[in-house]
Amino acid sequence: MKERIAAICSHLSYAEVFADIGCDHGYMTEYMLGHHLAERAYISDISADSLKKAERLLTAYIREGRCIPVVADGLDGIPEPCGLVLIAGMGGEEIISILRRRTLPERFVLQPMKNSEKVRRFLVESGAHIQCDETFSEGNVRVKYYDLIAGERTGGDTYSELQFRYGRDNLLTPGAAFLSQMRTEAGKLEERIARPGIKETARVALMEKLNEIRGILYEAERTL
Ligand SMILES: C[S@@+](CC[C@H](N)C(=O)[O-])C[C@H]1O[C@@H](n2cnc3c(N)ncnc32)[C@H](O)[C@@H]1O
């Protein structure tokens, strides 16, 4: 199993009804049903071709009636409340647009590919409680970084501006993946700032970002 898929699965827990929105291959639903973490699961994708991949993987469960495939936009084709909703591998704005059209799911696991900050703001403004908000990585040579945001509909949270931008748990209890991402980002910024002929306004903006990251790294390394 790919590291990204395994990392997402490690945040999935029992729900009578589970929904995998934008399921594509269906690996996460296979994990849920295979580990008896759901009585039934909806696999939904806006693309019939993508859904076919999951349908092939989950044929036996579909035959048993434990897995229900739907071609739909977001949660639109799901006919009952789901205890746990997974939306992974999509842009943050798409995730927000899917969640905004319904009452928030009782519990959710989200893995936005970009715009995680917007997702955090949306969830906090909606009164959700975020249980996990951290970065993980995949690969050793060409390392990729992903954000994982999991929580529940109610409970509420207060986030600082920095927590919205970088992820709450990354700042409170920084992990190796986040620190590596920050060091990489700092290196890239230093390189851009050192380029000959850089405009002063661009240099000032990049320097501001670099100093913010240096501050985060300083705080993290001080508490390690
Ligand atoms: C990159 S794949 C991610 C697959 C899987 N969730 C994962 O994390 O590995 C994104 C999938 O989301 C589907 N998708 C995009 N927008 C959607 C929407 N609004 N509703 C349902 N599915 C959507 C795409 O068709 C595609 O299959």
Side-chain angles (χ1 to χ4, degrees), residues 1-13 15 17-35 37-38 40-59 61-62 66-123 126 128 130-139 142-151 167 177 181:
M1 196 191 276
K2 276 185 121 185
E3 283 170 76
R4 185 184 67 88
I5 307 276
I8 295 168
C9 287
S10 74
H11 289 274
L12 300 174
S13 54
V17 189
F18 168 71
D20 182 355
I21 306 299
C23 62
D24 195 21
H25 39 71
Y27 294 141
M28 281 77 113
T29 297
E30 183 188 39
Y31 182 91
M32 285 294 286
L33 293 172
H35 288 79
L37 289 173
R40 58 188 178 284
Y42 289 90
I43 45 169
S44 168
D45 205 291
I46 202 162
S47 146
D49 282 345
S50 292
L51 187 67
K52 273 196 194 105
K53 292 184 239 170
E55 284 175 314
R56 271 196 293 276
L57 180 73
L58 300 161
T59 308
Y61 294 115
I62 293 171
R66 289 185 64 208
C67 182
I68 306 111
V70 228
V71 177
D73 184 351
L75 289 151
D76 292 354
I78 312 295
E80 61 179 322
C82 298
L84 177 63
V85 169
L86 167 69
I87 313 180
M90 273 185 223
E93 288 183 349
E94 189 63 25
I95 292 176
I96 294 169
S97 128
I98 289 171
L99 292 176
R100 207 187 275 288
R101 297 202 294 271
R102 291 259 185 122
T103 309
L104 272 187
E106 203 178 307
R107 287 182 294 128
F108 50 83
V109 173
L110 312 173
Q111 186 264 295
M113 299 301 282
K114 53 182 179 175
N115 290 317
S116 300
E117 178 180 341
K118 289 186 180 172
V119 175
R120 292 183 190 107
R121 286 186 194 278
F122 166 75
L123 292 171
S126 305
I130 300 176
Q131 282 160 335
C132 174
D133 180 3
E134 66 185 18
T135 299
F136 66 93
S137 63
E138 179 176 76
R142 288 198 53 193
V143 188
K144 289 183 187 165
Y145 299 99
Y146 301 101
D147 291 322
L148 192 297
I149 304 171
Q181 183 187 34

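From a predicted model like this one, the values you see are computed outputs, not experimental measurements. All ligand and atom numbering here is 1-based and tracks the order in the structure.
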Pairwise side chain to side chain donor-acceptor pair (under 3.5 Å) hits with a residue in residues 77-95, at least two apart: Arg40-Glu80, Tyr42-Glu80, Glu93-Lys118

Set of residues satisfying ring-ring contact (aromatic ring centres under 6.0 Å, His included) with respect to Tyr146, sequence neighbours excluded: Phe136

Would you be so kind as to tabulate the donor-acceptor pairs closer than 3.5 Å made by side chains of residues 26-33, with sequence neighbours excluded?
{"unit_1": "Thr29", "atom_1": "OG1", "unit_2": "Asp20", "atom_2": "OD2", "d": "3.0"}

Sidechain N-carboxylate O distance under 4.0 Å for Asp73, Arg101: yes

Distances under 3.5 Å, N/O of ligand 1 against N/O of the protein: list each pair and its distance.
{"unit_1": "ligand 1", "atom_1": "6 (N)", "unit_2": "Gly22", "atom_2": "O", "d": "2.8"}
{"unit_1": "ligand 1", "atom_1": "6 (N)", "unit_2": "Ala88", "atom_2": "O", "d": "2.8"}
{"unit_1": "ligand 1", "atom_1": "8 (O)", "unit_2": "Arg4", "atom_2": "NH1", "d": "2.9"}
{"unit_1": "ligand 1", "atom_1": "8 (O)", "unit_2": "Arg4", "atom_2": "NH2", "d": "3.3"}
{"unit_1": "ligand 1", "atom_1": "8 (O)", "unit_2": "Ala88", "atom_2": "O", "d": "3.2"}
{"unit_1": "ligand 1", "atom_1": "9 (O)", "unit_2": "Arg4", "atom_2": "NH2", "d": "2.4"}
{"unit_1": "ligand 1", "atom_1": "9 (O)", "unit_2": "His25", "atom_2": "NE2", "d": "2.7"}
{"unit_1": "ligand 1", "atom_1": "19 (N)", "unit_2": "Asp73", "atom_2": "OD1", "d": "2.8"}
{"unit_1": "ligand 1", "atom_1": "19 (N)", "unit_2": "Glu94", "atom_2": "OE2", "d": "2.7"}
{"unit_1": "ligand 1", "atom_1": "20 (N)", "unit_2": "Gly74", "atom_2": "N", "d": "2.8"}
{"unit_1": "ligand 1", "atom_1": "22 (N)", "unit_2": "Ile46", "atom_2": "N", "d": "3.2"}
{"unit_1": "ligand 1", "atom_1": "25 (O)", "unit_2": "Asp45", "atom_2": "OD1", "d": "2.6"}
{"unit_1": "ligand 1", "atom_1": "27 (O)", "unit_2": "Asp45", "atom_2": "OD1", "d": "3.3"}
{"unit_1": "ligand 1", "atom_1": "27 (O)", "unit_2": "Asp45", "atom_2": "OD2", "d": "2.7"}
{"unit_1": "ligand 1", "atom_1": "27 (O)", "unit_2": "Ser50", "atom_2": "OG", "d": "3.3"}

Any Ile87 side-chain heavy atom under 4.5 Å of Leu99 side chain: yes

Polar contact flag, side-chain donor to acceptor under 3.5 angstrom, Gln131-Arg107: no

